[in-house]
Each structure stands twice: as structure tokens, then as C-alpha cells.
**Student:** 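The structure is given below, and queries will be raised subsequently.
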Amino acid sequence: MKDVIVLGCDGYIGHALTLRLLEGGYRVIGIDDYQRRENVKEMDSFSAIEIESGEFRHSKFKRIFGEDNFHFLSISISDNPGELEYYLENAVKNELAGVINLAQQPSAPFSFKSQMHAVETTDNNIIGTLNVLFWMKEHAPDSHLIQIGSMGEYDHSAGTDIPEGTFNLEYKGRLATEVIFPRRPGSFYHASKVASTYHIDCACRWWGLTATDIMQGVVYGNWTPEIEKYGSPTRLDSDECFGTVVNRFTVQAVIGVPMTIYGEGAQKRGYIAINDSIQCLMLALEYVPRKGTYRTWNQLDTANSVGEIALIVSNAATKYGIKTAQERIPTPRVEKTESFHYKVYTEKLRQLGFEPTRTMSEEIEYVITKLAGPTASELFPLRDVVMPEITWK
Ligand code: USQ
């Protein structure tokens, strides 16, 4: 049996990933400070799909998968490096297959809520990752860090193709290979991811650590086989900060408010269903790069404009007798919302065997079946958190 540390095991991806790991026979050491639950409350919002409490989830894991196969500590990885070190020293027992860092504040709008929110995001994401790197240097130099970075580290609308993290740079007739492709983050949140990209790359070069830093697109949906099997859904947020666009539009359709298209709605992003995001994380865990390597790839399935997403949600909703509407509002962000060139390379995952399992329509339909029906009215308070109030400027 192998151990895996999941930092942020109670979050949107973390919960679904933990279930997959336990089901796959890994012993999981989970860490989470419940920041996501608190931050969504701060938005006066709640998960549209009801989730179990942290305590309930963890005792369920122990009951199903064995008392010693799941261990949990509630701690902030940025604030308490000493406690983290002390806990992990006792918790890790077997070969450590990987350290998966999802303990991040993941919302771009949340990082613009105030100066304090920008600072907290920066502190949590950058210092948290640094603490993990230092812990690995001392205690797990031969293990593998898997970090969720973001496609938003790049300038989506710069007009060039987007390679997988690095490229060959020719300047004044000379060639430099495997150079980190220029970053131009779209928010303070995304800037924190850029900083971690460089810190992780440094830790690999200076200390010989091994890492996979994943440039992930927008994740959506709620289905995984383990969530279904164990009746333990992951969260599904729809407020302006923690609801990503596909999930927001799906909830908006179900609660009967127009879908909030920002600007012209032609802005493209990469998207991936949660089950496929987890498939990719498992591939990262299974196919470890050579020791001392900083590996990066782009993790997405499709590239869609926001307008296309509204159409896919609308078509899916129609099948369930739900009529949708759209509302165009000026984008609260600083982003290009008119059409632009968007070509992202995603060969590395395909070479490792990645095959998408869920189309966006299937996933949206699945979520609609979970939300629509007689209890949909319980979601009506979410109508109050639909409109964006936080602006970049
Ligand atoms: N958008 C709308 N209407 C809405 C919400 C969003 O038109 O009601 C638009 C945004 O303006 C943006 C696009 O949809 O152009 C995507 O926005 P999003 O909120 O779904 O995603 P984003 O802020 O980009 O961040 C999300 C995750 C983040 C991850 C990132 C990947 O929250 O953790 O890093 O997706 S990426 O977008 O590729 O940078």
C-alpha cells in the first residue's frame, strides 16, 4: 500500500479525488482548514448540491475504507508549517506516492473583494506552496508534488498559440530550450499561481524535487463513479466567486434566472469535467517524471466561448422542460470578451492515455437531475448571489 497526501481534501476537487484514491487502494492523509466552506458562507451562499459535514465525510471514509486508511488534520498549510511537519512525521507510514496540493484559494473574483482578500489569497497560495516545498525537501525529497496551477496564468487572448508550459525561444539567432512560456495572469489569484510556478521550478532545479504543475482549465460538474457509489457528492457552488461559469449557468437555469453572460460572451477558455480532471490527476500520480524534473501540462478537454456554454446549458435544460434566458452584463473583470485566437496544446496528457469520459452536455444534464424537481425551490435563495458585485477596477 502507498500513501498520498491530499492538501485541500475537503474542497471541490479534493473531495472527489480523495474518494478516487481510497477506492484505488491508496492510504490517504488529508489536510484541510475548511476555508472553502467558510468563504462560501462569507458570500452568503451555499453548495447547490447538499454536501456532508467534514466530520461525517471523514468518519464515513474510515468506516468504508478502513480506520487506518484515512487520516485527517484540520490545519492551514500557510499558517502552521511547524504543526504540519509534526503531524506528517507521524501520519506518513508507507512509501509516499505523491503530495497533491489543492489547498488553494481558487477564486479570481474573491481575490479582488478587498485588499485583505488579495493579501489572503497571495499568502495562502504562495506561502502554503512554499511550506509544502520546504517540507518535501526535508522529509520527502524522492516523492512527487502534484500542484494545480491554472490556464489563467497565461494571457488567454494574447493572440499566440499556448504551448504546454514551456517552449523553445529563439532570440537574435540563438536558441534557448524549455523556457517557461510567458505568463500574464488575469487576476491576483492567477498571479499567485504564477509565483508558485516559479517556486516549484526553482525547487526542482535547486533541490532536485520532482513536480507536476498542472495548467488546468475551468472545472465543472459533479459526477464521478465514487460520488455515485458512496452517495457522497462534492460541492457545487454558484455564487460570483466560487461558482465557475458552467456550474453557475446550470444553477441559474434551474432557479429560473437569466444566465449572466459577461460582455460579448465570445471569450474562450479551456474546460474539463470533474471526473476527467481527476482522471488526469491520477495519471500524474501514476506516471512520475524523472527525479528532479519540473513537468507541466495543459489540462482541459474542450475550448468554448461563454456564449457557447450558455447554449449548451440551454439545450440541456430544454430536455428537462426548463426554459432559459440570457442577460448580457458588462464584464466585472479586465478581460477581452470579443472573439480572439485561442489554441492550446494538450498533447502530453493524451500521450499518457487521457480519454475524456464526460461531455459538457452530459455533465450539465447530470447536475440538472440533481437540482431540478420538487426541491428546486430550496435553491431560490441562490437568486440573491447571482449578480456579480466585485469588480477588478
Ligand atoms: N463568466 C461569465 N459569466 C459568469 C461567470 C463567468 O461570463 O457568470 C466568464 C468570465 O468572465 C470568464 C469565464 O466565464 O471569462 C470563466 O470564468 P470562471 O469564473 O468560470 O473561471 P475563472 O475565473 O477563469 O477561474 C476558474 C477557477 C480557477 C481556475 C480557472 C482556470 O475558479 O480556480 O484556475 O477557472 S482558467 O479559467 O483557465 O484560468
Side-chain angles (χ1 to χ4, degrees), residues 8 11-14 36 39-40 43 45 101-112 121 124-125 147-157 162 183-194 196-197 213-221 235-253 257-272 274 277 298-311 313 326-340 342 344 346 360 382 385-392:
Y12 176 50
I13 298 173
R36 174 62 171 267
N39 290 351
V40 172
M43 299 305 298
S45 188
N101 186 16
L102 307 157
Q104 305 273 292
Q105 189 299 94
S107 164
F110 197 74
S111 72
F112 275 89
T121 301
N124 181 83
N125 294 1
Q147 171 91 4
I148 294 276
S150 173
M151 279 300 299
E153 292 184 30
Y154 306 119
D155 183 351
H156 297 286
S157 56
I162 300 179
R183 273 24 183 193
R184 201 176 199 203
S187 71
F188 290 123
Y189 152 71
H190 290 102
S192 74
K193 295 285 180 178
V194 173
S196 292
T197 284
D213 187 11
I214 294 167
M215 302 301 119
Q216 180 160 255
V218 185
V219 181
Y220 59 87
R235 53 183 316 116
L236 191 101
D237 291 307
S238 59
D239 62 277
E240 66 167 307
C241 284
F242 296 99
T244 48
V245 66
V246 181
N247 292 348
R248 250 166 87 72
F249 285 4
T250 309
V251 173
Q252 290 168 356
V257 298
M259 290 181 276
T260 50
I261 295 180
Y262 295 168
E264 292 188 26
Q267 65 270 42
K268 279 197 171 169
R269 296 285 185 274
Y271 292 89
I272 187 164
I274 188 158
S277 165
N298 296 333
Q299 187 159 301
L300 52 113
D301 175 15
T302 59
N304 303 88
S305 70
V306 169
E308 281 165 2
I309 288 167
L311 193 64
V313 172
Q326 300 180 0
E327 182 174 357
R328 278 169 200 265
I329 37 188
T331 184
R333 310 178 178 203
V334 173
E335 63 176 342
K336 191 170 176 182
T337 67
E338 57 269 36
S339 177
F340 51 78
Y342 188 80
V344 181
T346 57
M360 196 181 278
L382 291 174
V385 297
V386 159
M387 276 300 165
E389 285 168 7
I390 299 164
T391 66
W392 264 223

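The basis for the numbers below is simple: all heavy atoms, side chains too, and nothing from hydrogens, waters or symmetry mates. Numbering of ligands and ligand atoms starts at 1, following listing order. Since this is a predicted model, take the numbers as computed values, not measurements.
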**Student:** Can you tell me which portion of Q216 lies within the under-4.0 Å heavy-atom range of ligand 1? Options are side chain, backbone, both, or neither.
**Tutor:** backbone
**Student:** Output, in order, the C-alpha distance, side-chain angles, deciding distance and verdict of side chain to side chain contact (heavy atoms under 4.5 Å, CB included) for Y154 and N298.
**Tutor:** CA-CA 11 Å; Y154 306 119; N298 296 333; 2.9 Å; yes
**Student:** Run down the list K336, R333, E327 and name the one with the heavy atom closest to atom 23 (O) of ligand 1.
**Tutor:** R333
**Student:** Would you tell me which option among F242, Y12, Y262, F110 has the nearest heavy-atom contact to atom 7 (O) of ligand 1?
**Tutor:** Y262
**Student:** Going through the checks in order, is the side chain to side chain contact (heavy atoms under 4.5 Å, CB included) test met by C241 and N39?
**Tutor:** CA-CA 9 Å; C241 284; N39 290 351; over 6 Å; no
**Student:** Using modelled atom types only, decide if a donor and an acceptor are shared between the side chain of Q326 and the backbone of I261 within a distance under 3.5 Å.
**Tutor:** no
**Student:** Could you check whether atom CZ of F112 has more than 12 heavy atoms from other residues, nucleotides or ligands sitting under 6.0 Å from it?
**Tutor:** yes
**Student:** Where does R248 meet ligand 1, judged by heavy-atom distances below 4.0 Å: at the side chain, the backbone, both, or neither?
**Tutor:** side chain
**Student:** Which atoms of ligand 1 sit under 4.0 Å from any heavy atom of S150?
**Tutor:** 29 (C), 30 (C), 31 (C), 34 (O), 36 (S), 39 (O)
**Student:** For a quick test of reading the model, state the closest non-hydrogen atom pair linking A191 to P185 and the distance between them.
**Tutor:** N-CB, 3.4 Å
**Student:** Which residue owns the protein heavy atom closest to atom 26 (C) of ligand 1, what's the atom, and how far is it?
**Tutor:** T244 CG2, 3.8 Å
**Student:** Name the residue from V219, V246, D301 that meets the side-chain contact (heavy atoms from CB on, under 4.5 Å) definition with Y271.
**Tutor:** V246
**Student:** What protein heavy atom sits nearest atom 11 (O) of ligand 1, and how far off is it?
**Tutor:** E335 OE2, 2.5 Å
**Student:** Where does M259 meet ligand 1, judged by heavy-atom distances below 4.0 Å: at the side chain, the backbone, both, or neither?
**Tutor:** neither
**Student:** Output the list of atoms in ligand 1 that are nearer than 4.0 Å to some heavy atom of G152, sorted by atom number.
**Tutor:** 36 (S), 38 (O), 39 (O)
**Student:** Under 3.5 Å between any N/O of A108 and any N/O of ligand 1: does that happen in this structure?
**Tutor:** no
**Student:** Indicate whether any N or O donor in one side chain lies under 3.5 Å from an N or O acceptor in the other, for T260 and Q252.
**Tutor:** yes
**Student:** To check your reading of the model: name the closest protein heavy atom to atom 32 (O) of ligand 1, its residue, and the distance in Å.
**Tutor:** P106 O, 3.1 Å
**Student:** Could you walk me through whether H156 and R269 pass the side chain to side chain contact (heavy atoms under 4.5 Å, CB included) test, one step at a time?
**Tutor:** CA-CA 7 Å; H156 297 286; R269 296 285 185 274; 3.5 Å; yes
**Student:** Of all the non-hydrogen atoms in the protein, which one sits nearest to atom 3 (N) of ligand 1, and at what distance?
**Tutor:** T260 O, 2.6 Å
**Student:** Just to check, does G217 reach to within less than 4.0 Å of ligand 1 when the distance is taken from its heavy atoms?
**Tutor:** yes
**Student:** Verify the distance criterion only: is there a donor paired with an acceptor across the side chains of Q105 and N125 at less than 3.5 Å?
**Tutor:** no
**Student:** Answer yes or no: does atom CD of E327 have more than 12 heavy-atom neighbours from other residues, nucleotides or ligands under 6.0 Å?
**Tutor:** yes
**Student:** Nearest to atom 38 (O) of ligand 1, what protein heavy atom do you find, and at what distance?
**Tutor:** M151 CB, 3.0 Å
**Student:** Which one of Y220, F249, Y189 has a non-hydrogen atom at the shortest distance from atom 29 (C) of ligand 1?
**Tutor:** Y189
**Student:** Given I261, V306, N298, V246, which has its nearest heavy atom closest to atom 9 (C) of ligand 1?
**Tutor:** V306
**Student:** Give yes if a backbone or side-chain nitrogen or oxygen of Y271 is under 3.5 Å from a nitrogen or oxygen of ligand 1, and no if not.
**Tutor:** no
**Student:** If we only consider heavy atoms of E240, is any one of them less than 4.0 Å away from an atom in ligand 1?
**Tutor:** no
**Student:** Using a heavy-atom cut-off of under 4.0 Å, does the side chain or the backbone of H156 touch ligand 1, or both, or neither?
**Tutor:** side chain
**Student:** Could you go through the side chain to side chain contact (heavy atoms under 4.5 Å, CB included) check for M387 and V257 one step at a time?
**Tutor:** CA-CA 10 Å; M387 276 300 165; V257 298; over 6 Å; no
**Student:** Which residue owns the protein heavy atom closest to atom 20 (O) of ligand 1, what's the atom, and how far is it?
**Tutor:** V245 N, 2.7 Å
**Student:** Quick one: pull up OH in Y189 and CD in Q104 and give me the separation to the nearest 0.5 Å.
**Tutor:** 7.0 Å
**Student:** Are the side chain of S150 and the backbone of G152 linked by a donor-acceptor contact shorter than 3.5 Å?
**Tutor:** yes
**Student:** Among protein heavy atoms, which sits nearest to atom 37 (O) of ligand 1, and what does the distance come to when rounded to 0.1 Å?
**Tutor:** V218 CG2, 3.2 Å
